[in-house]
Amino acid sequence: MKKAKLILDRDYVISPIDKRIYGAFVEHLGRCVYTGLYEPGHPTADEEGFRGDVLELVRALDVPVVRYPGGNFVSGYRWEDGVGPRELRPRRLDLAWKTTEPNEVGLHEFASWAKKANSSVLYSVNLGTRGPQDAQNLVEYANHPAGSAWSDLRIKNGAKDPLDIRLWCLGNEMDGPWQMGSKTAQEYARVANEAAKMMKWTDDRIELVACGSSGPTMPTFGLWERTVLSECYDNVDYISLHRYYGNPNGDSADFLASTMDLEAFIRTVASICDAVKGEKHKKKRIHLSLDEWNVWYHSHAQDQELHKRAPWGTALPLLEDVYNFEDALLVGLILITILRNADRVKIACMAQLVNVIAPILTRPGGGAWRQTIYWPLKQASEFGRGVSLLAKIECEKTDTKHYTDVPTVDAAAVENESGDVTVFAVNRGAEDAALACDLRSFGAFRTVRHSVLHHDDPLAVNTEADPDNVVPKEIPAAAEDGQIRLPAASWNVIRFCR
Ligand code: AHR
């Protein structure tokens, strides 16, 4: 058995954890909305057509914020299409995903769904094909109490009270050539700053997320962030990061090391934010919104086929990655990385929530079930609230194809609001590891509970017929010598309870 050591000290705090790091994302894409969260006529549908079985699984995840309505979709979206009487709403071609959007679900419906899910909305405005005035109209429509054209229209459309959306994204992946209305850094920076000003002048309680580059491998990365923040610094609060990982070549060690890349990505963007802060002699700090992250690769080939067979369809099964056990380990590692960077990452959204690269899958007219990746997100959301602690890990390190010095065991630790301490740990290795925990100034705990997510087959999946193939299990907590056994290839939640 390998040996590992974890040292925690109550005085070594990274930061209070913003609960919005356990957010998710709903895009008008594939079957995320239609036959995902919305399916009138489904046996569990409520009076508004929302699937009760899906709502139940989402509520159990306890997702504090849900980004909506895109994604690439938003860059051509006219939000007015989705409000008012349903029979008058247009069907539109969505150029982002080559599908047809029926607009049966729009702003009011989604706000109502989010309320039922106990979540708040992170609304992305279209800064691709539209601009500051449309964004301002939307804030006025959603948040202004009454007495103006847009707020009165909201009231006429059935919402007497403001929808009270406090968090907004200024567009989506605007440096991507695949984006409708993509822009140079300077073009975007100007539009985003003007939109930000007008949106905040309309409602000064809102917070805004500026678009970062769509990824660290983009040629625009770095200079994009600097240019955007140089222009928008005073008027925005966060900058976005998007990152997806995959294992197309079956190199599991390299795949599970991908969070080394995420760590560097987060730290680089944080450094750019601070460089602009320095250049501008500002007190204010810009924080990070990792508002798209996940594993995404299983469905790529299938999606190309589907687009050829059914262009312009509605509710096509796009991006329906079926996640295996190994993917759940990477999701656990991503959550550990987010917690370790809780001083800078204040918002994070698993992309997405239902059917589309999602922790929940549904069958139209049938069941809803949890994918493997559901579990680390659920457990982190449940036990990962409070204060993020510095988790000093001593363990073996290895090299993979793209990464060096990859720790076999990675961990994050949280002092919960109750005074309990929760350790999230992934053993990346092929051998069990004995984890010695030195909790120093925390003193004694009454009980230690240990939940493990492990499967002997890294490719094991959950299906509608076998939904509990990969689920966490409680195991006896500590061996006699006080060490905690982390099985080979496992996600662990170890709770030291008062
Ligand atoms: O989440 C799927 C897509 O990934 C989003 O629409 C886009 O923003 C990103 O490229």
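As the structure is a computational prediction, the values presented were derived from the model and not from experiment. Note that ligands are numbered from 1 as they come in the structure, with each ligand's atoms numbered from 1 the same way.
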Indicate yes or no: does Lys282 engage Asp234 in a salt bridge with an N to O separation below 4.0 Å.
yes
Neighbour count above 12 (heavy atom, 6.0 Å) for Arg92 CZ
yes
Looking at Tyr244, which atoms of ligand 1 are within less than 4.0 Å of one of its heavy atoms?
1 (O), 2 (C), 4 (O)
In terms of atom number and element, which parts of ligand 1 are under 4.0 angstrom from non-hydrogen atoms of Glu27?
5 (C), 6 (O)
Member of Glu39, Arg363, Glu320 meeting the side-chain contact (heavy atoms from CB on, under 4.5 Å) criterion with Arg31:
Glu320
Mode of Trp293 contact toward ligand 1 - side chain, backbone, both, neither (heavy atoms, under 4.0 Å)
neither
Residue and atom name of the nearest protein heavy atom (relative to atom 9 (C) of ligand 1), distance in Å to one decimal:
Glu292 OE1, 3.0 Å
State if Ile357 counts as touching ligand 1 under the rule of any non-hydrogen atom under 4.0 Å.
yes
What is the nearest protein non-hydrogen atom to atom 7 (C) of ligand 1, stated with its residue, atom name and distance?
Asn72 OD1, 3.2 Å
Can you spot which of Leu37, Val58, Asn355 makes a side-chain contact (heavy atoms from CB on, under 4.5 Å) with Ile360?
Val58
With a cut-off of 4.0 Å, which atoms of ligand 1 are near a heavy atom of Gly71?
5 (C), 6 (O), 8 (O)
Starting from atom 10 (O) of ligand 1, locate the nearest protein heavy atom and write down its residue, its atom name and how far away it is, to 0.1 Å.
Glu173 OE1, 2.8 Å
I'd like to check the side-chain contact (heavy atoms from CB on, under 4.5 Å) partners of His144; sequence neighbours left out, ordered by chain and number.
Glu140, Ser148, Ser151
Please could you name the atoms of ligand 1 that Phe25 approaches to less than 4.0 Å, counting only its heavy atoms?
1 (O)
Does Phe73 approach ligand 1 within less than 4.0 angstrom via side chain, backbone, both or neither, non-hydrogen atoms only?
neither
Can you list the residues that meet the side-chain contact (heavy atoms from CB on, under 4.5 Å) rule with Ala253, with sequence neighbours excluded?
Asp251, Thr400
Quick one: does Asn172 get an N or O within less than 3.5 Å of an N or O on ligand 1?
yes
NZ/Lys284: more than 12 non-hydrogen atoms of other groups inside 6.0 Å:
yes
Check each of Val139, Asn143, Asn235 against Met199 using the side-chain contact (heavy atoms from CB on, under 4.5 Å) test, and report the only one that passes.
Val139
Output yes when the distance from some N or O of ligand 1 to some N or O of Gln352 is under 3.5 Å, and no in every other case.
yes
